[in-house]
Amino acid sequence: DAGVIQSPRHEVTEMGQEVTLRCKPISGHDYLFWYRQTMMRGLELLIYFNNNVPIDDSGMPEDRFSAKMPNASFSTLKIQPSEPRDSAVYFCASSSPRGQVYEQYFGPGTRLTVT
Amino acid sequence: RKEVEQDPGPFNVPEGATVAFNCTYSNSASQSFFWYRQDCRKEPKLLMSVYSSGNEDGRFTAQLNRASQYISLLIRDSKLSDSATYLCVVKDTGRRALTFGSGTRLQVQP
């Protein structure tokens, strides 16, 4: 089975540009999470969706960040305009609500560098 | 204060050694606990869940102390392949989201 797919794997952009990160969750999973990981702050939850509906976006740093999930198999995280402090690895993860299993399956991440 | 706190390490141990990591969490309403493993420049992956009575998976033993809000992971007979960052993870009641500690880095040396 395919795992969580993210694209692009690496993105280098200049300050002020728009960046769009993409995620395809595991088929059948109805929870999708976006995380950001930096050396200073570790792994931080940005937002998560259940059945394509945003449930908690309290981790989204500011209005420059937005996330959408138009259908069960696709989500985007957009940063506009990007800033150097947005440089990080962005992970998407998905999970299924089966029983007491809370395991989250992570994608390989997108390494974003904003210069 | 961070919700989940871990010693960042690194812990440098020889092959075959026993090593223990600790983690404390601040929310007494936390419901579920896990250890995830993250290899260098890779994504985190679930290592094991942590149950109230303690649990073992091969060379790995996890323990939970709810009264002290403390979680531990013990690795016996360390292998080179155990070198990674170990993330302590907590799930609060009523939330689907997980809260991750910053991780403890382990380096097993030949």
Side-chain angles (χ1 to χ4, degrees), chain A residues 2-7 9-10 21 23 25-26 29-51 53-60 67 88-113, chain B residues 1-10 21 23-27 29-53 55 57 60 62 64 71 84-106:
Chain A
V4 175
I5 298 171
Q6 290 187 247
S7 65
R9 295 290 305 276
H10 301 272
L21 311 181
C23 175
I26 292 171
H29 283 190
D30 55 359
Y31 283 87
L32 183 140
F33 306 82
W34 281 102
Y35 291 90
R36 175 172 70 175
Q37 187 173 39
T38 60
M39 288 292 292
M40 290 295 294
R41 301 172 69 90
L43 198 61
E44 303 174 281
L45 176 69
L46 299 177
I47 185 171
Y48 77 96
F49 296 83
N50 177 217
N51 292 321
V53 176
I55 302 300
D56 184 350
D57 66 354
S58 59
M60 295 285 262
V89 180
Y90 290 81
F91 288 104
C92 175
S94 69
S95 74
S96 163
R98 239 189 351 267
Q100 294 297 307
V101 176
Y102 296 112
E103 180 174 3
Q104 291 185 11
Y105 296 83
F106 283 74
T110 295
R111 189 170 294 273
L112 173 65
T113 303
Chain B
R1 185 186 167 191
K2 288 185 181 178
E3 291 183 55
V4 180
E5 297 214 44
Q6 296 182 250
D7 180 344
F21 307 136
C23 163
T24 57
Y25 60 95
S26 60
N27 186 352
S30 296
Q31 174 188 27
S32 306
F33 308 90
F34 312 88
W35 285 100
Y36 274 65
R37 170 191 168 131
Q38 185 172 22
D39 291 314
C40 187
R41 300 180 80 84
K42 298 285 189 181
E43 71 273 21
K45 293 184 179 178
L46 178 66
L47 177 66
M48 59 195 300
S49 301
V50 185
Y51 301 120
S52 297
S53 55
N55 49 296
D57 183 0
F60 298 82
L64 168 65
I71 306 159
T85 296
Y86 291 84
L87 302 166
C88 178
V89 184
V90 170
K91 178 190 169 304
D92 294 336
T93 304
R95 288 185 85 224
R96 189 73 192 185
L98 302 177
T99 302
F100 287 76
S102 296
T104 298
R105 192 165 142 244
L106 171 66

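Please read these numbers as outputs of a predicted model, since none were measured by experiment. In what follows, chains are A, B, ... by sequence order, proteins preceding strands, each numbered from 1.
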Checklist entry - Could you state the interatomic distance from CZ (F106(A)) to OH (Y36(B)), rounded to the nearest 0.5 Å? => result 6.0 Å
Next on the checklist: Working to the nearest 0.5 angstrom, can you tell me the gap between F34(B) CZ and Q104(A) CD?
Outcome noted: 8.5 Å
Next on the checklist: If you compare all heavy atoms of G42(A) against all heavy atoms of S102(B), which two are closest, and at what distance to 0.1 Å?
Outcome noted: CA-OG, 4.5 Å
Item to check | Heavy-atom neighbours of R105(B) CZ exceed 12 at 6.0 Å | outcome: no
Checklist entry - Is there a side-chain contact between Y48(A) and L98(B), using heavy atoms and a 4.5 Å cut-off? => result no
Checklist outcome for this item: Shortest non-hydrogen pair, Q38(B) vs F91(A), comes out as NE2-CZ, 3.7 Å
Checklist outcome for this item: Highest number of heavy-atom pairs under 4.5 Å with chain A among K91(B), K45(B), K42(B) belongs to K91(B)
Next on the checklist: Taking side chain as everything from C-beta outward and backbone as N, CA, C, O, which of these in E44(A) sits under 4.5 Å from a heavy atom of chain B? Side chain, backbone, both or neither.
Outcome noted: neither
Checklist entry - For L43(A), is it the side chain, the backbone, both, or neither that has a heavy atom closer than 4.5 Å to a heavy atom of chain B? => result both
